[in-house]
Amino acid sequence: MNANAKPFWNPYLAGAGLGLTLLLSYVVLGTGLGASGAIARIAAVSMHAAAPESVEANPVMGPWFEDGNPLRHYLVAMLVGSLFGGFLSSLAAGRAGIVVERGPRASAQSRVIAALLGGALVGIGARLSLGCTSGLALSGGALLQAGSFVFVGATFAAAFAVAPFVRRLWR
Amino acid sequence: MNLFALDQLGTPAALAAALVLGLLFGFWLERAGFGSSRKLTAIFYFRDWAVLKVMFSAMAVAGVGLQALALFGLVDTSQLYVPDTQIAAQAIGGTVFGIGFVVGGWCPGTAMAGLGSGKLDALVFLAGAMAGSLAFAWIAPIFEGVQGIGALGTCSISDAIGVEPMTGAIGLLVVALLAFVMAHKVEAHMRNVPEIGEAPKGSDAR
């Protein structure tokens with residue numbers, strides 16, 4: 001991030017833009033936005049290179065390999081798109097830069113270890129929940145799905161409860 | 001009514017459309033500031049409620065918009081793919097996810113926007129998320145009992161309480177507006193509260 005970085009956009013403007021994108025996804029694809037499903041597929045394909053039989057025999061991942069390449073899936077295309085969207089937006093705003101972002105009291109090492117551990121929990125939680133903040137909370141929430149709000153409530157309650165114990169990472 | 005049936009989502013045209021939608025998704029996330037894990041986690045210290053503002057305004061815009069299109073017969077919401085409700089699994093999964101969110105600093109979508117803006121911690125987080133997804137695939141059998149509790153399939157709150165879908169969407173909008181008012185009040189209060197280890201506001205102590 002450089003000194004000329006532009007400020008973030010108004011959250012309601014960004015939220016409305018995100019909402020219209022979600023609306024467009026429902027109209028065009030017949031389904032909402034998502035992210036964690038593609039991450040699970042990429043993980044499965046990576047492991048498949050090392051241990052094909054055990055991945056294909058797995059009841060969760062096996063079905064993804066039955067119709068050919070698991071990466072030939074709209075969620076994977078969407079995930080790749082979101083990477084480029086983030087890249088182009090940050091570049092245009094002068095916010096792009098290779099960093100390990102952390103609070104003023106955190107070491108890069110502790111931040112990286114926490115990122116790995118937190119990522120693993122998010123990976124497990126998303127699969128158990130059948131989705132993440134994109135596919136379950138946002139996309140399901142727009143259509144008032146009960147499970148989406150159960151997930152949102154549990155996610156925020158847990159994060160607020162644990163936040164004081166990891167304050168050093170962020171503040 | 002949709003351009004693609006659910007079994008056509010692997011066609012090149014659908015994949016191209018998904019790529020463009022993903023690009024817009026990542027763009028809006030980064031514009032909102034969600035390519036920054038410090039910005040994302042600030043809500044959990046009550047300081048910056050952008051996560052709530054962006055999420056609920058997006059939900060309300062898409063929800064009211066979809067129901068408006070449905071009223072004009074332009075979208076058949078019964079044909080849309082929506083995530084199933086599994087109350088117990090999503091309560092437990094959401095708890096695990098929430099801990100991972102505040103420890104890791106990202107959720108999957110925002111980590112992609114963060115990686116796109118150069119955050120190495122997002123790359124590590126995504127590697128962790130892949131490991132977690134694989135781990136779940138092996139431990140899934142232990143959750144079979146849990147997944148059956150409160151497994152309601154497609155279950156909208158408006159159907160459950162017996163109101164029109166548009167009424168439900170407007171209800172969501174009203175709840176969102178109330179949440180925004182609360183968020184602004186908390187933010188205004190927290191501006192006068194010093195960070196731990198920081199000199200109190202207005203004090204000249206070093």
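Residue numbering restarts at 1 for every chain, and letters A, B, ... go by the order of the sequence lines. A quick note: this is a predicted structure, and the numbers were derived from the prediction, not measured.
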Engineer: Is there a side-chain contact between A:L18 and B:V54 (heavy atoms, below 4.5 Å)?
Structural biologist: yes
Engineer: Against chain B, label A:R167 side chain, backbone, both or neither, depending on which of its atoms sit under 4.5 Å from a heavy atom there.
Structural biologist: both
Engineer: Looking only at non-hydrogen atoms, find the nearest pair between B:P108 and A:I39 and report the distance.
Structural biologist: CB-CD1, 3.6 Å
Engineer: Measuring from atom CH2 of A:W9 to atom CH2 of B:W28, what distance do you get when rounded to the nearest 0.5 angstrom?
Structural biologist: 5.5 Å
Engineer: Is A:A157 in contact with chain B via its backbone, its side chain, both, or neither, using a 4.5 Å heavy-atom distance?
Structural biologist: neither
Engineer: Taking the six-membered ring for Trp, is the centroid-to-centroid distance between B:F180 and A:Y12 below 6.0 Å?
Structural biologist: yes
Engineer: Grab the two heavy atoms, one from A:S129 and one from B:Q90, that are nearest each other, plus how far apart they are.
Structural biologist: O-NE2, 3.0 Å
Engineer: Go through the atoms of B:T41 and report whether side chain, backbone, both or neither lie under 4.5 Å from a heavy atom of chain A.
Structural biologist: side chain
Engineer: Go through the steps to decide whether A:E101 and B:S37 satisfy the test side chain to side chain donor-acceptor pair (under 3.5 Å), and finish with yes or no.
Structural biologist: CA-CA 7 Å; A:E101 192 192 15; B:S37 52; 3.1 Å; yes
Engineer: Can you name the nearest heavy-atom pair linking B:P83 to A:Q145, along with the distance?
Structural biologist: O-OE1, 4.0 Å
Engineer: Identify whether the distance between the nearest side-chain nitrogen and carboxylate oxygen of B:E195 and A:R171 falls below 4.0 Å.
Structural biologist: yes
Engineer: Select one option (side chain, backbone, both, neither) describing which atoms of A:A92 are under 4.5 Å from chain B's heavy atoms.
Structural biologist: both
Engineer: What is the minimum heavy-atom distance between B:V82 and A:Y26, and which atoms define it?
Structural biologist: CG1-OH, 3.8 Å
Engineer: Looking at B:F101 and A:T155, what are the two nearest heavy atoms and their distance?
Structural biologist: CD1-CG2, 4.2 Å
Engineer: For each of B:A127, B:A140, B:A62, tally heavy-atom pairs with chain A at distances under 4.5 Å, and name the one with the top tally.
Structural biologist: B:A62
Engineer: Measuring from atom CE of B:M59 to atom CG of A:L143, what distance do you get when rounded to the nearest 0.5 angstrom?
Structural biologist: 11.0 Å
Engineer: Name the member of A:L22, A:V60, A:L29 that forms the most heavy-atom pairs with chain B at distances under 4.5 Å.
Structural biologist: A:L29
Engineer: Just give me the residue among B:S156, B:G63, B:G168 that pairs up with chain A most often, heavy atom to heavy atom, under 4.5 Å.
Structural biologist: B:S156
Engineer: Does any backbone or side-chain atom of B:A131 lie under 4.5 Å from a heavy atom of chain A? Answer side chain, backbone, both or neither.
Structural biologist: neither
Engineer: For the residue pair A:V99 and B:K119, establish whether any side-chain heavy-atom pair is separated by less than 4.5 Å.
Structural biologist: yes
Engineer: Between B:S117 and A:R95, is a side chain to side chain donor-acceptor pair (under 3.5 Å) present by the stated rule, with each step listed?
Structural biologist: CA-CA 7 Å; B:S117 37; A:R95 289 193 282 265; over 6 Å; no
Engineer: A quick test of your reading: do over 12 heavy atoms of other residues, nucleotides or ligands sit less than 6.0 Å from CZ of A:F65?
Structural biologist: yes
Engineer: Should we say atom CZ of A:R168 is surrounded by more than 12 heavy atoms from elsewhere, each under 6.0 Å from it?
Structural biologist: no
Engineer: Angle between ring planes, B:F56 versus A:F149, binned at 30° and 60°: parallel, tilted or perpendicular?
Structural biologist: tilted
Engineer: Using side-chain heavy atoms (C-beta onward) and a distance below 4.5 Å, is A:V122 in contact with B:W106?
Structural biologist: no
Engineer: Does the side chain of B:S133 come within less than 4.5 Å of A:M47's, by heavy atoms?
Structural biologist: no
Engineer: Go through the atoms of B:P141 and report whether side chain, backbone, both or neither lie under 4.5 Å from a heavy atom of chain A.
Structural biologist: neither
Engineer: Quick one: which of A:A126, A:A158, A:A14, A:S90 has the most heavy-atom pairs under 4.5 Å with chain B, could you say?
Structural biologist: A:S90
Engineer: Looking at A:G32, A:G103, A:G131, which one has more heavy-atom pairs under 4.5 Å with chain B than the rest?
Structural biologist: A:G103
Engineer: Under 4.5 Å heavy-atom distance to chain B, tell me which part of A:A137 shows up: side chain, backbone, both or neither.
Structural biologist: both
Engineer: Given A:L88 and B:F27, is the side-chain contact (heavy atoms from CB on, under 4.5 Å) satisfied, shown in steps?
Structural biologist: CA-CA 7 Å; A:L88 294 174; B:F27 173 86; 5.8 Å; no
Engineer: Measure the spacing between CG of A:L24 and CG of B:L24 and express it to the nearest 0.5 Å.
Structural biologist: 7.5 Å
Engineer: Between A:N10 and B:K53, is there a side-chain heavy-atom distance shorter than 4.5 Å?
Structural biologist: no
Engineer: Below 4.5 Å, heavy atoms only, C-beta onward: do A:S82 and B:E30 meet side chain to side chain?
Structural biologist: no
Engineer: Would you please indicate yes or no on a ring centroid separation below 6.0 angstrom for A:F160 and B:F46?
Structural biologist: yes
Engineer: Heavy atoms only, distances under 4.5 angstrom: which of A:L169, A:V80, A:L79 has the most pairs with chain B? Name it, please.
Structural biologist: A:L79
Engineer: Counting heavy-atom pairs closer than 4.5 Å to chain A, which one of B:L152, B:T154, B:D84, B:L29 comes out on top?
Structural biologist: B:T154
Engineer: Shorter than 4.5 Å, heavy atoms on both sides: which option in A:G17, A:G34, A:P7 has the most such pairs with chain B?
Structural biologist: A:G17
Engineer: When you look at B:M55 and A:T133, which way does the side-chain contact (heavy atoms from CB on, under 4.5 Å) test go after all the steps?
Structural biologist: CA-CA 9 Å; B:M55 201 160 168; A:T133 16; 4.2 Å; yes
Engineer: Could you walk me through whether A:S139 and B:Y81 pass the side-chain contact (heavy atoms from CB on, under 4.5 Å) check?
Structural biologist: CA-CA 10 Å; A:S139 302; B:Y81 170 79; over 6 Å; no
Engineer: How far apart are the closest heavy atoms of B:G109 and A:A35, and which atoms are they?
Structural biologist: N-CB, 3.6 Å
Engineer: Non-hydrogen atoms of chain B under 4.5 Å away: do they reach the side chain of A:V76, the backbone, both or neither?
Structural biologist: neither
Engineer: Quick one: CG on B:L66 to CG on A:L23, what's the gap to the nearest 0.5 Å?
Structural biologist: 5.0 Å
Engineer: Chain A: which of B:F25, B:W49, B:Y45 shares the most heavy-atom pairs with it under 4.5 Å?
Structural biologist: B:Y45
Engineer: Is A:L33 close to chain B through its backbone or its side chain, or both, or neither, when contacts mean heavy atoms under 4.5 Å?
Structural biologist: side chain
Engineer: Could you check which of A:I42, A:L91, A:V166, A:N58 has the highest count of heavy-atom pairs closer than 4.5 Å to chain B?
Structural biologist: A:N58
Engineer: B:G98, B:G171, B:A113, B:A16: which one forms the most heavy-atom pairs within less than 4.5 Å of chain A?
Structural biologist: B:G98
Engineer: Given the options B:L120, B:D121, B:L15, B:V20, which has more heavy-atom pairs under 4.5 Å with chain A than any of the others?
Structural biologist: B:D121
Engineer: Atom CD1 of B:I92 and atom CZ of A:F151: how far apart are they, to the nearest 0.5 Å?
Structural biologist: 13.0 Å
Engineer: Between B:Q8 and chain A, which part of the residue has a heavy atom less than 4.5 Å away: side chain, backbone, both or neither?
Structural biologist: neither
Engineer: Taking the inter-plane angle between the rings of B:F44 and A:F156 on a 0 to 90° scale, is it parallel (under 30°), tilted (30 to 60°) or perpendicular (over 60°)?
Structural biologist: tilted
